[in-house]
Amino acid sequence: MALLKIITVFFALVATCLSCKLSSECDQQCTDLEAYILSNRSTLNTRYRLQYHVSPPIGWMNDPNGFIYYESKYHIFYQYYPYGAVHGDMFWGHSTSPDLVNWETLLTALIPGEEQIFSGSAFVLGTTLGLIYTGHVGNDTVHDQSQYLAFSDDGEIFHKYASNPVLRRSDAITPDFRDPKIWKNGDYWYVVIGSKTADKRGEVLLYRTADLLNWQYLSVIAEANNATEYAFMMECPDFFELDGKYVLMTSPQGMNASGDRYQNLYQTGYMLGSFSYETFQFTVETEFQELDFGHDFYATQSTEKDGKRLLIGWFGMWNSTEYAPEVADGWAGALTIFRELSLSGTRILMTPVAAMETLRNGTAKEGTFTTSETVVLSQTGELIVSADWTVGVSLLLTGNTGGSNVTLEWDLENKKVVVDRDGEVRQVEWTPGTSASWRIFLDTSSVELFCGDGEVVFSSRAYPEGGWLVENKSTQNLTATIYNLNRSVPL
Ligand SMILES: *[C@@H]1O[C@H](CO)[C@@H](O)[C@H](O)[C@H]1NC(C)=O
Ligand SMILES: *[C@@H]1O[C@H](CO)[C@@H](O)[C@H](O)[C@H]1NC(C)=O
Ligand SMILES: *[C@@H]1O[C@H](CO)[C@@H](O)[C@H](O)[C@H]1NC(C)=O
Ligand SMILES: *[C@@H]1O[C@H](CO)[C@@H](O)[C@H](O)[C@H]1NC(C)=O
Ligand SMILES: *[C@@H]1O[C@H](CO)[C@@H](O)[C@H](O)[C@H]1NC(C)=O
Ligand SMILES: *[C@@H]1O[C@H](CO)[C@@H](O)[C@H](O)[C@H]1NC(C)=O
Ligand SMILES: *[C@@H]1O[C@H](CO)[C@@H](O)[C@H](O)[C@H]1NC(C)=O
Ligand SMILES: *[C@@H]1O[C@H](CO)[C@@H](O)[C@H](O)[C@H]1NC(C)=O
Ligand SMILES: *[C@@H]1O[C@H](CO)[C@@H](O)[C@H](O)[C@H]1NC(C)=O
Ligand SMILES: CC(=O)N[C@H]1CO[C@H](CO)[C@@H](O)[C@@H]1O
């Protein structure tokens, strides 16, 4: 009892005292978990392990969390279940990088207690790294969700605040209240949190606090308001300024497919508008648009560094990761490559972070890529393809010895970019400039296609066998530079 009291006082201080020193020891629970990860990792079948995308050391991964720059390194955390390639009780896995390309795996940051550690974000408080996450208590059907804090002095060992939770939804209309994204403005910390209305329309709520402990409800930032915008839940909201506009990025669940749009089980996209820190109203100016049109993209999180808005997404989808072949290998899920955002009119452009170029390790091909020509790569590659966009383009990406067939097509007649993965089609209109090119990142089991300046992007997992084989199936000769890429994440 006395010990409990001391611990409580100690952690109560942490939230308010910048100079309090936290213990930086991996305790027994942490030691046992790391021993399990270390020894059991060797049992993974590594055939589909990615070479430059962050993926769990073992077990399951979904949403990225806590993306931040702290003490000279980028930190990324993620929804993690080490004991199987399934969505079990959630932990937070953790990796760091000096450059967003070369990643190192750190100790598991948060281990579930009475609560599972659902999604959240990070903040820097002096020399302390803080995390705010959703504590999920109960099961899928009967549960309670509220917001918890944790702190670290060294960026690796985290301590949960003793008087969690610090923020609950005051009306009890829904138990779904999750994924706090925090930022600071003036004297206050703000969070947006995903939730739903009493009649089950997804909504995003705004709160603020001066001390991280006492929170004030401010406003509804956005809610699904009609049939076409219908969503029963908004997950993983993010709210930030980009080139003079405010962006509400969110992952709505329950939007029905409509033509080429919303083809995945759940969506991720954004609305642009203006926002006032006096009225706390977000005035929406553009309709919801998907950010990425690939098969496997969800639950984005962004952070700002040196004036750049950087973003990462879960390279997965709820109904594909569970059946992906890697599940049989003892792991599931990954993060996309890191992207930088900019605004062009009403469209957010996504480009790979500049440091991706440091992975290039010589070229497999440079120059004319003739009709019917094939290029065999090892397990990774970056392709820069230029074409005459007044003529159609078709590139087949397949395995050197079989596996997935992914066709990337410029459908001239419909003016659409089409990504066909084994018959599952995703497509969207594109307006190429004359000098536009496609930039394609291939990893052991993934494809990311960036069109032009990043106005159209597709992220899809795929499973080629025996390394990639790229074939020009177009009627025109293309110009291509194809780089080999080095590994930058642990096996
Ligand atoms: C998995 O980890 C447990 C706990 O550390 C250990 O007892 C077991 O031997 C490991 N299994 C393998 C196959 O390494
Ligand atoms: C979920 O928890 C509730 C309350 O404890 C319990 O009644 C219910 O059976 C549980 N459901 C499942 C699927 O475990
Ligand atoms: C629903 O909302 C969308 C986007 O704001 C709008 O274009 C559409 O007209 C609305 N539909 C109805 C039936 O209100
Ligand atoms: C979405 O699709 C489901 C199943 O097809 C249907 O029951 C529902 O009415 C649709 N919702 C909207 C808003 O169109
Ligand atoms: C996942 O859901 C989407 C949208 O409902 C559907 O088109 C797709 O076939 C599903 N995939 C799997 C593997 O169930
Ligand atoms: C790629 O890796 C090789 C072997 O480890 C190394 O020699 C080379 O310098 C690396 N290339 C780059 C661009 O880092
Ligand atoms: C890919 O295409 C080849 C050649 O048409 C075919 O044999 C193979 O079954 C296809 N792979 C998949 C996963 O559909
Ligand atoms: C493509 O390049 C090949 C080899 O340089 C050349 O023979 C052929 O005429 C070119 N085809 C077109 C359509 O330009
Ligand atoms: C980089 O390229 C060199 C020369 O082709 C090759 O020997 C080396 O294995 C490559 N490194 C990696 C990590 O692929
Ligand atoms: C127009 C043309 O030559 N298309 C060729 C593209 O490549 C495929 C596969 O080799 C050929 O079957 C097509 O004839």
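The structure displayed is predicted, hence computed values, not measured ones. Just so you know, these numbers use all the heavy atoms, side chains as well, and skip hydrogens, waters and symmetry mates. Every number for a ligand or one of its atoms is a count from 1 in the order of the listing.
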**Complete:** Heavy-atom proximity to atom 13 (C) of ligand 8, picking from Thr371, Leu478, Thr475, points to Thr475

**Asked** Can you tell me if Gln267 uses its side chain to pair, donor with acceptor, with the backbone of Ala257 under 3.5 Å?
**Response** no

**Request:** Could you tell me the residue and atom name of the protein heavy atom closest to atom 10 (C) of ligand 8, and the distance to it rounded to 0.1 Å?
**Result:** Asn477 ND2, 2.3 Å

**Message:** Once you restrict to heavy atoms under 4.0 Å, what part of Thr141 touches ligand 2? Side chain, backbone, both or neither.
**Reply:** side chain

**Asked** Shortest non-hydrogen contact from Leu412 to Val391?
**Response** CD2-CA, 3.9 Å

**Request:** Tell me which protein heavy atom sits closest to atom 7 (O) of ligand 2, plus the residue, atom name and distance to 0.1 Å.
**Result:** Val142 CG2, 5.0 Å

**Asked** What is the closest protein heavy atom to atom 4 (C) of ligand 8, and at what distance does it sit?
**Response** Thr370 CG2, 3.7 Å

**Request:** Look only at interatomic distance and state if Asn361 has a nitrogen or oxygen under 3.5 Å from any nitrogen or oxygen of ligand 9.
**Result:** yes

**Asked** Roughly how far, to the nearest 0.5 Å, is the OG atom of Ser459 from the CZ atom of Arg426?
**Response** 12.5 Å

**Request:** Tell me, please, whether Phe118 has Arg178 positioned over its six-membered ring: NZ or CZ under 6.0 Å from the ring centre and within 45 degrees of its axis?
**Result:** no

**Complete:** CE (Met90) and CG (Leu110) are apart, to the nearest 0.5 Å, by 12.5 Å

**Asked** Among protein heavy atoms, which lies nearest atom 9 (O) of ligand 2, and at what distance?
**Response** Asn139 ND2, 4.8 Å

**Asked** Is Asp179 salt-bridged to Lys181, cutoff N-O under 4.0 Å?
**Response** no

**Message:** Under 4.0 Å and counting heavy atoms only, is there anything from the protein next to atom 2 (O) of ligand 2?
**Reply:** yes

